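Contents: one structure, followed by commentary.
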Amino acid sequence: MDYFFIISILVTVSAVFGYINVRFLKLPNTIGLMLITILFTMAVFALSYFNSALLDAEKYIITHIDFKQVLLDIMLSFLLFAGALHTNFNQLKVQKWPVFAFSTLGVLFSTFLVGFSMYYLLPLLGMEVKLVYCLLFGALISPTDPIAVLSILKKAGAPKKLETKIVGESLFNDGVGVVVFLTIYNIAKFGTEKVDTIDVIKLFSQEVFGGVFLGLVLGWITFKLMKSIDDYDIEVIITLATVMGGTVLAHKLHLSAPLAMVTAGLIVGNDTVRNSAMSKITENYVDKFWELIDILMNTILFVLIGMEMLVLSFEMNYFIAGIIAIPVVLICRYLSLILPVKFFEKKLDFVPRTNLIMTWGGLRGGISIALALGLTQDMHRDLFLVITYVVVVFSIIVQGLTVGHLVKKVTKNLDPVYLD
């Protein structure tokens, strides 16, 4: 009953806050929902001096939800499948090599750049933190969030080539980022003497390549099943079973569920499968169903992110470190993208200043917070949780509200060749 109660409260709160945003604030849903929830939580804190009932209720919800498990083990699979399902497969195929470079080499470079930067900056605030723990922070803050930026890019009228790079990178770097984080986490927990290079390569290969292979198999099976029947109700349920059953299977086999779901979603959503396996009514129902799942999960996710304020340790040094981390993370992302952008920009007609737009449009979201919540106290969990929260809030609210203007400014007088 507790779980039903908590889910009911979250859905109700999401609906109310969503209505307030659409009716009055008119901000992008992800930004509006998180902003309203943060303001609501701050108001609850103020009211708790007179009556703590609301604060106790909010704390009850947060303490009874394992945010890390709920997001990484459940919600992320649904969100990534839905995102991949509606991604332009043909554009992604053209941009596959830069997307691959951004989501692998970009994440790795960013992880080490951020990690080393924080390792040398934190002592200036009187906090000595081991390098391996700073690298953990680098790993959890490097993946970007496709969920937060997709609707903003569409409203800004971003060129398809640019949109595909940002969204495609975000879809895949979530899975890669989680694997990099888990690898460094094991090194931090067990020590380098118990985790050798072969173990790292084996874990990375198993999670990444195994996850992609599983996604290919799941996508192919889903395609074959949908092609053999013409019943939109059952076909929608088949796609749902692909995500739920595939996620369970990925966890049992120790493969990357996010990468499996992205791959399966891209296969099921590509035009060839749609044209040969789905009738028009089936296609419409599948799209509408996953759009609804996407919206529902997103509203709940960003309400939860706003509520996570309750688990933060309010120490001034931590918040100052978070403020310092904002430009550090942005600069390191910019630097991590330079080589891939320079290598591919002439071959694939990159939009001018792609690096700048991808840096500012690479929003951080719930995945970073979920990974930070998974740290132990020995890994400076409270410190890195506050830093992560500050970076995420700045990213979603400030970058999220301005990236559309940046895209419009950069693409205002572009040659038509860039706008296809």
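Treat the numbers as computed from the prediction; the structure is a model and nothing was measured.
Without hydrogens or angle criteria, Thr104 side chain to Phe100 main chain gives a donor-acceptor distance under 3.5 Å. Judged by distance alone, the side chain of Asp230 and the main-chain N or O of Ser279 form no donor-acceptor pair under 3.5 Å. Proximity of a side-chain donor or acceptor of Asn21 to a complementary backbone N or O of Leu27 within less than 3.5 Å is detected. Remark: the backbone N or O of Tyr119 is not paired with any side-chain donor or acceptor of Tyr133 at under 3.5 angstrom. In this structure a side-chain-to-backbone donor-acceptor pair under 3.5 Å is missing from Arg381 to Thr376. Here the side chain of Ser48 pairs a donor or acceptor atom with the backbone of Phe45 at under 3.5 angstrom. Judged by distance alone, the side chain of Thr87 and the main-chain N or O of Gly83 form a donor-acceptor pair under 3.5 Å. Ser142 places no side-chain N or O within 3.5 Å of a backbone atom of Ala139 that could act as its donor or acceptor partner. Under the 3.5 Å distance criterion, the side-chain polar atoms of Ser205 are left unmatched by any main-chain donor or acceptor of Lys202. Judged by distance alone, the side chain of Arg364 and the main-chain N or O of Ser395 form no donor-acceptor pair under 3.5 Å.
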Verdict with reasoning, Ile141 to Thr388, per side chain to side chain contact (heavy atoms under 4.5 Å, CB included): CA-CA 7 Å; Ile141 206 66; Thr388 302; 4.0 Å; yes
Before giving the answer on side chain to side chain contact (heavy atoms under 4.5 Å, CB included), spell out for Asp271 and Phe89 the whole-Å C-alpha distance, their side-chain angles and the decisive distance to 0.1 Å. CA-CA 8 Å; Asp271 290 339; Phe89 185 80; over 6 Å; no
Test side chain to side chain contact (heavy atoms under 4.5 Å, CB included) on Met226 and Val286; report intermediate values, then the result. CA-CA 11 Å; Met226 294 176 74; Val286 168; 4.2 Å; yes
List the steps and the verdict of side chain to side chain contact (heavy atoms under 4.5 Å, CB included) for Leu301 and Leu79. CA-CA 10 Å; Leu301 171 60; Leu79 290 167; 4.0 Å; yes
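Taking the side chain as every heavy atom from C-beta outward, Phe302 and Thr37 never approach each other to under 4.5 Å. Counting only heavy atoms from C-beta outward, the side chains of Leu266 and Phe172 approach each other to under 4.5 Å. Annotation: side chain of Phe289 is not in contact with side chain of Ile237 (no heavy-atom distance under 4.5 Å). In this structure, Leu122 and Met118 have side chains that are in contact, with non-hydrogen atoms separated by less than 4.5 Å. By the 4.5 Å heavy-atom criterion applied to side chains, Ile267 and Thr222 are not counted as neighbours. Annotation: side chain of Gln69 is not in contact with side chain of Ile74 (no heavy-atom distance under 4.5 Å). Inter-residue side-chain proximity for Glu345 and Thr354 is flagged as unmet; no heavy-atom pair is nearer than 4.5 Å. Between Val268 and Thr242, the closest side-chain pair of non-hydrogen atoms is not below 4.5 Å.
Rounding to the nearest 0.5 Å places CG of Leu363 at 10.5 Å from CZ of Phe394. One finds the CG atom of Leu72 at 7.0 Å from the CD1 atom of Ile367 (value rounded to the nearest 0.5 Å). We find the CD1-CE distance between Ile36 and Met34 to be 11.5 Å, quoted to the nearest 0.5 Å. Taken from CZ in Phe213 to CG in Leu253, the straight-line distance is 11.0 Å, to the nearest 0.5 Å. To the nearest 0.5 Å, the span separating CG on Leu33 from OG1 on Thr30 amounts to 8.0 Å. Of the inter-residue distances, the one linking Phe319 atom CZ with Ile324 atom CD1 reads 14.0 Å to the nearest 0.5 angstrom.
Around the CZ atom of Phe109, the shell of radius 6.0 Å holds no more than 12 heavy atoms that belong to other residues, nucleotides or ligands. With a 6.0 Å radius and a threshold of 12 heavy atoms from other residues, nucleotides or ligands, Phe204 has its CZ atom above the threshold. Atom CZ of Arg353 has 12 or fewer heavy atoms from other residues, nucleotides or ligands within 6.0 Å. Within 6.0 Å of atom CE in Met244, 12 or fewer heavy atoms from other residues, nucleotides or ligands are found, so the atom counts as exposed in its surroundings.
Nearest heavy atom pair, residue Phe384 against residue Ala372, reads O-CB, 4.4 Å. For the pair Ala321 and Leu383, the tightest heavy-atom approach, listed with the atom from each and the gap, is CB-CD1, 4.4 Å. Contact record, Leu85 with Arg274: O-NH2, 3.2 Å, taken as the closest heavy-atom pair. The two atoms that bring Thr41 and Glu58 nearest to each other are OG1-OE2, 2.7 Å, heavy atoms only. Contact between Pro258 and Leu80 at its shortest, heavy atoms only, is CB-CD1, 3.4 Å. Smallest separation of non-hydrogen atoms from Leu218 and Gly246: CD1-CA, 3.6 Å.
Between Tyr60 and Phe5, the ring-plane angle classifies as perpendicular under the 30° and 60° cut-offs. Ring planes of Tyr120 and Phe116: parallel class, angle under 30° (limits at 30 and 60°). Aromatic ring orientation, Phe344 versus Phe350: parallel (interplanar angle below 30°, classes split at 30° and 60°).
The salt bridge (Lys or Arg N to Asp or Glu O under 4.0 Å) contacts involving residues 322-336 comprise Glu169-Arg333, where partners must be two or more places apart or lie in separate chains.
Lys130 and Asp378 are not joined by a salt bridge, as no carboxylate oxygen comes within less than 4.0 angstrom of a charged side-chain nitrogen.
Looking only at atom types and distance, the side chain of Gln95 has no donor-acceptor partner in the side chain of Thr164 under 3.5 Å away. Thr144 and Asn173 share a donor-acceptor pair across their side chains, judged by distance under 3.5 Å alone.
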